[in-house]
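These figures come from a predicted structure and were not determined experimentally. As a basis for the values below, the full set of heavy atoms in this structure was taken, side chains included, without hydrogen atoms, waters or symmetry mates.
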Amino acid sequence: MFSRAVRPAMCATVARSLSTSSQNHAKVAVLGAAGGIGQPLSLLLKNSPLVSHLSLFDIFHTPGVAADLSHIETRAQVTGHIGPDQLGAALQGCEVVVIPAGVPRKPGMTRDDLFNTNATIVATLADACARHCPEAIICIIANPVNSTVPITSEMMKKHGVYNPNKVFGVTTLDIVRANAFVADLKGLDPARVNVPVIGGHAGKTIIPLISQCTPVVEFPADQLAALTGRIQEAGTEVVKAKAGAGSATLSMAYAGARFTFSVLDAINGKEGVVECAYVRSEETECKYFSTPLLLGKNGIEKNLGLGKLTAFEEKLVADAIGELKGSIKKGEEFAANFVAK
């Protein structure tokens, strides 16, 4: 499903982006740049020649993060913006906005437990994007993604600037994990393993398509079930291991950077860029669903769909639909009642 050029190791991603194209001048904003995901994500983005201006926003510490990153000898100019009064300036002229803002999960919490706090944060930021950079591609990392993407879409609709091809829920971490786990079990180079992951970004809505993995791999039924379960609950694995000190921040930063680089590559005219993401979709009965997407200069160029599923994968999809519908409805209802301050 994915070409080697689409999903290289991070160092190769940076090397690949060392293009002399005059189009490589994107202003990218990170909203929540001082947090556990935001700081390493901003570091990775600063390291890319695809970024000419890295605009960092948060409610605390952003000037310090920006000053620190600005000492790195790469081309991206870095500016730090702090508090609501500076949000507009942070977003002005941005081509891509990445939103890791929000509170992290703690042991015993589900992504849904984050809803009330993170829904308000995302709605506020989406409202600002609609006002200050309505043409930007928006990449949502803040959980619960199954609800925060519908929230973002509805906020854009309120301003009459919604483009379904430009609002993405970043599910790349699920693909990254699937690639790593499959490679470990099969003794493969993880940089050369590609497992599409469809559905959503929480628990049983995460559906790894092991049958579509490249290179082709096979597992006995019990091992396949265990592997699927581990991929679905990998976030909880990290939350438990950190024992109250946070959730998946470094791997999420890597995954967020990978997705952002793919978006920037596509904006710059690179062909054949494919990533899975949670987007407005007609591929299933759910309004939003993650599938492999061909990216282009204006976001989604083509939805590549689910592909051929096994009976095991078809059941996973069927089992996910109800939960996804509920999460989508919850996000839409929140947005309908939200009033920006």
Side-chain angles (χ1 to χ4, degrees), residues 1-16 40 44 145 169-242 247-259 261-262 265 272-278 289-295 304-320:
M1 180 62 71
F2 304 105
S3 69
R4 178 69 182 92
V6 171
R7 202 200 65 75
M10 186 59 67
C11 58
T13 303
V14 176
R16 177 200 63 201
L44 292 169
V145 166
V170 180
T171 61
T172 314
L173 181 52
D174 300 323
I175 293 92
V176 166
R177 286 167 167 160
N179 295 340
F181 298 167
V182 167
D184 185 56
L185 288 171
K186 292 295 185 180
L188 299 170
D189 176 357
R192 297 187 178 277
V193 175
N194 293 304
V195 180
V197 180
I198 64 171
H201 185 58
K204 68 180 182 181
T205 71
I206 298 169
I207 304 165
L209 301 184
I210 306 298
S211 71
Q212 296 181 25
C213 176
T214 53
V216 175
V217 294
E218 293 184 359
F219 296 96
D222 58 341
Q223 193 175 20
L224 177 62
L227 172 60
T228 299
R230 187 186 179 200
I231 294 167
Q232 291 176 331
E233 297 300 328
T236 301
E237 184 178 311
V238 175
V239 169
K240 288 181 178 178
K242 288 192 173 182
S247 56
T249 53
L250 300 177
S251 54
M252 185 63 248
Y254 169 90
R258 173 187 141 174
F259 186 80
F261 292 148
S262 289
D265 274 340
V273 179
V274 176
E275 289 282 359
C276 293
Y278 182 70
F289 204 84
S290 178
T291 48
L293 308 167
L294 177 64
L295 304 180
L304 301 179
L306 284 67
K308 185 178 180 180
L309 306 182
T310 64
F312 175 73
E313 292 162 351
E314 287 177 349
K315 186 177 186 304
L316 292 176
V317 171
D319 291 345

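Separating the NZ atom in Lys240 from the CD atom in Glu237 is a distance of 9.0 Å, to the nearest 0.5 Å. To the nearest 0.5 Å, the span separating CD1 on Ile210 from CG on Leu227 amounts to 4.5 Å. For the atom pair CG (Leu306) and CD (Glu314), the distance works out to 9.5 Å, reported to the nearest 0.5 Å. Residue Ser290 holds its OG atom at 8.0 Å from CG of Asp174, rounded to the nearest 0.5 Å.
Listed here is the closest heavy atom pair of Ala277 and Leu293: CB-CD1, 3.8 Å. Here the closest heavy-atom approach between residue Lys308 and residue Gln212 is recorded as O-NE2, 3.1 Å. Taking each heavy atom of Thr291 and Ile198 in turn, the nearest pair found is CA-CG2, 4.0 Å. Between Ala183 and Asp189, the closest heavy-atom pair is CB-C, 4.3 Å. The two atoms that bring Thr171 and His201 nearest to each other are CG2-CB, 3.9 Å, heavy atoms only. Minimum heavy-atom separation, Pro40 to Thr249: CG-O, 4.4 Å.
Contact of the Arg177 side chain with the Val238 side chain is registered, since non-hydrogen atoms from C-beta on lie closer than 4.5 Å. Residues Pro215 and Leu188 meet the side-chain proximity criterion, which asks for heavy atoms closer than 4.5 Å. Looking only at side-chain heavy atoms (C-beta outward), Phe219 and Thr228 stay at 4.5 Å or farther from each other. The side-chain heavy atoms of Ile207 and Leu309, taken from C-beta on, include no pair separated by under 4.5 Å.
The backbone N or O of Ser262 sits nowhere less than 3.5 Å from a side-chain atom of Glu275 that would complete a donor-acceptor pair. Lys315 places no side-chain N or O within 3.5 Å of a backbone atom of Thr310 that could act as its donor or acceptor partner. In this structure, Asn179 contributes its side chain and Ile175 its backbone to a donor-acceptor pair below 3.5 Å.
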Determine, stepwise, if the pair Val197 / Ile206 fulfils side chain to side chain contact (heavy atoms under 4.5 Å, CB included). CA-CA 7 Å; Val197 180; Ile206 298 169; 3.7 Å; yes
Pair Gln223, Leu185 - check side chain to side chain contact (heavy atoms under 4.5 Å, CB included), show working. CA-CA 10 Å; Gln223 193 175 20; Leu185 288 171; 3.9 Å; yes
